[in-house]
Q: 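This is the structure I want to talk about, given as structure tokens.
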Amino acid sequence: MTACRLCDASLHPVVDFGPMPVANGFLTPDRYAEEPRFPLDVAVCPACHMVQLVHLVDETTMFNDDYAFFSSTSKGMSRHFEAFAAQVRADWLGDDPFVVELGCNDGIMLRHFGGGRHLGIEPSGNVADAARQIGLDVKSSFFTADLADAIRAERGPADAILGANVVCHIPYLHSVLDGVKRLLGPEGVFIFEDPYIGDILEKTSYDQIYDEHVYYFSLLSVQALAARHGLEVVDVARQPVHGGELRYTLAHAGAHAIRPAVDALRTEEKARGLDRIETYDGFAEAVAASRAELRAVIAEIRARGERVVGYGATSKSTTVLNYCGLGPDDIEYISDITPTKIGRYSPGAHIPIRAHSTFVDDPPAYALLFAWNHAREIMAKEAAWMAGGGRFITYVPRVSVS
Ligand code: TYD
């Protein structure tokens, strides 16, 4: 039995999705022969309650100079990060703060701190360059305790360390939290947000489970982790982005009063059974049922000879397509607005990614909404298509056609 990566207790298996390609590994046909596959299975720790991947994909296989993920493709996310930055400033920062962002991507949030002392840490070279092009100071590196020491020696303690959709990607979290502990000033805060296991269980959004997401945090598991590093959770807030996230604010133990939201959510998580393995066994059953339903809905539409395309070549779609066994015979193409994805093919399933203009010029009868986390923005954009009879197939929180 595999041990918990954070506390060494024996893990309880939850779902085995089978062999998977790299979730963001959009590729061209000449690379099919060398396309790697990895076991994707998720487990829960009965001791510290951390939900986690059992097998890991090498970081450089996922986050390299070919990495196709740019945060700034969604208007909704740009607004979200503007508000995030404003909240950090208002709640936690004084004059002339030093703000560090882990995994700053193309600068979607850090740009709001660009006028002051700031540093982005971004291992993917091409997205780091995009951030530099808007004038941000970015180091192309992974964040470790050693790097934290070097940053503090060079620039002094940090007032805030931020991370959005990045901390859950990092397997060696003990080194990250050691680094945070050493880099933060006495009143400094570490604020990060990631997909929330509470939402994943509630919505059966199993597509959040893919190679990049090593951990699926809850307040309970983050509190256990923080305590091992002399840190504590002082605030927590649910966020409506990426299908449901939780924003955690950590500080040196005793440095700040713990806000009431923390105890309230802890009580709620216990009431929902996030500390019991039976809860996760129930999730496994719901995931299998969701796959069966989605396959049946698409088979029925295809049997009638109607066309189905995918909408949004998300990382999440890689789990759905490969786990459900859907390919180009089921999904004609996937419409996406990201220039680096257009013209490539989806990992594993090898469905072509086409520009949004293809969708507009030759509208299909059905679109499977892989970018369901942007449903409101997308449905507003596609109102005319829907008014003309176009229908979205969704699978979160349950399989439906609308
Ligand atoms: P994202 O939300 O980042 O999901 P993941 O983390 O699973 O990759 O990806 C959204 C994808 O959807 C991205 O490739 C851009 C695409 N997209 C569109 O094609 N049209 C749209 O209107 C929006 C909002 C996104």
Side-chain angles (χ1 to χ4, degrees), residues 17 20-27 40 62-63 66-81 103-106 108-109 124 126-127 130 163-169 193-196 199-200 203 205-214 216 239-245 309-323 331 333-349 351-360 363-364 367-386 390 392 394-396:
F17 290 95
M20 282 279 158
V22 172
N24 234 313
F26 295 90
L27 73 177
L40 181 71
M62 294 186 288
F63 309 115
D66 215 18
Y67 190 58
F69 185 90
F70 285 81
S71 294
S72 297
T73 49
S74 154
K75 288 199 186 74
M77 290 310 292
S78 296
R79 281 195 296 272
H80 171 75
F81 286 119
C104 67
N105 200 270
D106 54 13
I108 188 169
M109 174 152 64
S124 292
N126 58 343
V127 284
N165 308 304
V166 63
V167 178
C168 75
H169 291 205
E193 60 186 32
D194 283 294
Y196 178 40
D199 280 293
I200 295 173
K203 300 174 193 164
S205 44
Y206 66 88
D207 57 349
Q208 295 283 10
I209 300 170
Y210 56 88
D211 50 16
E212 292 178 22
H213 293 163
V214 178
Y216 303 83
Q239 303 295 325
V241 293
H242 278 300
E245 300 207 325
V309 310
Y311 200 110
T314 55
S315 319
K316 295 185 287 292
S317 70
T318 298
T319 296
V320 177
L321 289 166
N322 290 281
Y323 174 62
I331 314 288
Y333 64 87
I334 305 174
S335 168
D336 200 280
I337 56 172
T338 315
T340 48
K341 292 180 186 172
I342 295 165
R344 296 201 192 187
Y345 291 75
S346 74
I351 299 168
I353 315 301
R354 304 230 194 280
H356 183 247
S357 55
T358 308
F359 182 88
V360 174
L368 176 54
L369 185 58
F370 291 123
W372 56 267
N373 47 312
H374 303 289
R376 192 179 297 178
E377 183 173 340
I378 290 170
M379 290 197 182
K381 195 193 270 183
E382 305 304 347
W385 172 71
M386 291 175 80
F392 275 112
T394 48
Y395 49 88
V396 171

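When a ligand or atom number is given, it counts from 1 through the structure's own listing order.
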Q: Could you label the plane-to-plane angle of the Phe17 and Tyr323 rings as parallel, tilted or perpendicular, counting under 30° as parallel and over 60° as perpendicular?
A: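 Ring orientation of Phe17 relative to Tyr323: perpendicular.
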Q: Look only at the side chain of His213 and the backbone of Gln208, and say whether a donor-acceptor pair between them is shorter than 3.5 Å.
A: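 Here the side-chain-to-backbone pair exists.
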Q: Could you tell me whether the side chain of Lys341 and the main chain of Ile353 form a donor-acceptor pair under 3.5 Å?
A: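 Absent.
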Q: What are the atoms of ligand 1, with element, lying closer than 4.0 Å to any heavy atom of Lys341?
A: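 Matching atoms, with element in brackets: 13 (C), 14 (O).
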Q: Below 4.0 angstrom from a heavy atom of Lys381, which ligand 1 atoms are there? Numbered from 1 as shown, please.
A: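 So the answer, numbered in order with elements, is 20 (N), 21 (C), 22 (O).
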Q: At less than 4.0 angstrom from any non-hydrogen atom of Tyr210, what atoms of ligand 1 do you find?
A: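 Near Tyr210, meaning under 4.0 Å from one of its heavy atoms, ligand 1 has 6 (O).
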Q: Of all the atoms in ligand 1, which lie at a distance below 4.0 Å from a heavy atom belonging to Ala313?
A: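 In order of numbering, the contacting atoms are 14 (O).
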Q: What are the atoms of ligand 1, with element, lying closer than 4.0 Å to any heavy atom of Glu377?
A: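 Result: 24 (C).
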Q: Ligand 1 and Asp336, any nitrogen or oxygen pair closer than 3.5 angstrom?
A: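 Yes; the residue has a nitrogen or oxygen that sits under 3.5 Å from a nitrogen or oxygen of the ligand.
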Q: With heavy atoms only and a cut-off of under 4.0 Å, state how His374 meets ligand 1: side chain, backbone, both or neither.
A: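 The answer is the side chain of His374.
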Q: Looking only at heavy atoms, is any part of Ala371 under 4.0 Å from ligand 1, and if so is it the side chain, the backbone, or both, or is it neither?
A: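 Within the 4.0 Å criterion, Ala371 contacts ligand 1 through side-chain atoms alone.
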Q: Taking only heavy atoms of His242 into account, list the atoms of ligand 1 that are under 4.0 Å away from them.
A: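 Contacts of ligand 1 toward His242, numbered from 1: 2 (O), 3 (O), 6 (O).
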Q: Is the contact between Asn373 and ligand 1 made by the side chain, the backbone, both, or neither, using heavy atoms and a 4.0 Å cut-off?
A: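 Only the side chain of Asn373 comes within reach of ligand 1.
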Q: Please check if the side chain of Lys203 supplies one atom and the backbone of Gly243 the other of a donor-acceptor pair under 3.5 Å.
A: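 Judged by distance alone, yes, a pair lies under 3.5 Å.
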Q: For the pair Asn105 (side chain) and Ala164 (backbone), establish whether a donor and an acceptor sit closer than 3.5 Å, ignoring hydrogens and angles.
A: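 Side chain of Asn105 to backbone of Ala164, a donor-acceptor pair under 3.5 Å: no, none is there.
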Q: How long is the gap from OH on Tyr216 to CG on Asp199, to the nearest 0.5 Å?
A: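 Going from the OH atom of Tyr216 to the CG atom of Asp199 covers 14.5 Å.
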Q: At a 4.0 Å threshold, what atoms of ligand 1 neighbour a non-hydrogen atom of Gly312?
A: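 Counting atoms of ligand 1 from 1, those under 4.0 Å from Gly312 are 12 (O).
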Q: Just to be sure I read this right, does ligand 1 sit under 4.0 Å from the backbone of Thr314, its side chain, both, or neither, counting only heavy atoms?
A: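 Under 4.0 Å from ligand 1, Thr314 contributes backbone and side-chain atoms.
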Q: Without hydrogens or angle criteria, can the side chains of Ser315 and Asn24 be said to hold a donor-acceptor pair below 3.5 Å?
A: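 Asn24 and Ser315 do have a side-chain donor-acceptor pair below 3.5 Å.
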Q: Once you round to the nearest 0.5 Å, how far does CD1 of Ile209 lie from CE of Met20?
A: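 If I round to the nearest 0.5 Å, the distance is 10.0 Å.
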Q: Of Ala23, Ser315, Gly310, which has the heavy atom at the shortest distance from atom 8 (O) of ligand 1?
A: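 Considering heavy atoms of Ala23, Ser315, Gly310, the nearest to atom 8 (O) of ligand 1 sits in Ser315.
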Q: Would you check the N or O atoms of Asn24, main chain and side chain alike, for any that come under 3.5 Å of an N or O of ligand 1?
A: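 No, there is no polar N/O contact under 3.5 Å.
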Q: May I ask you to check whether Ile337 has an N/O atom sitting below 3.5 Å from an N/O atom of ligand 1?
A: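 Between Ile337 and ligand 1 (N or O atoms, distance only) the closest approach is under 3.5 Å.
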Q: With ring centroids as reference points, do Tyr311 and Phe359 lie under 6.0 angstrom apart?
A: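 Ring-ring flag for Tyr311/Phe359: true, centres closer than 6.0 Å.
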Q: Near Thr338, which atoms of ligand 1 are under 4.0 Å from a heavy atom of that residue?
A: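 So the answer, numbered in order with elements, is 13 (C), 14 (O), 15 (C).
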Q: Just by distance, no angles: are the side chains of Glu245 and His80 close enough, under 3.5 Å, to form a donor-acceptor pair?
A: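 The criterion, which ignores hydrogens and geometry beyond distance, is not satisfied for His80 and Glu245.
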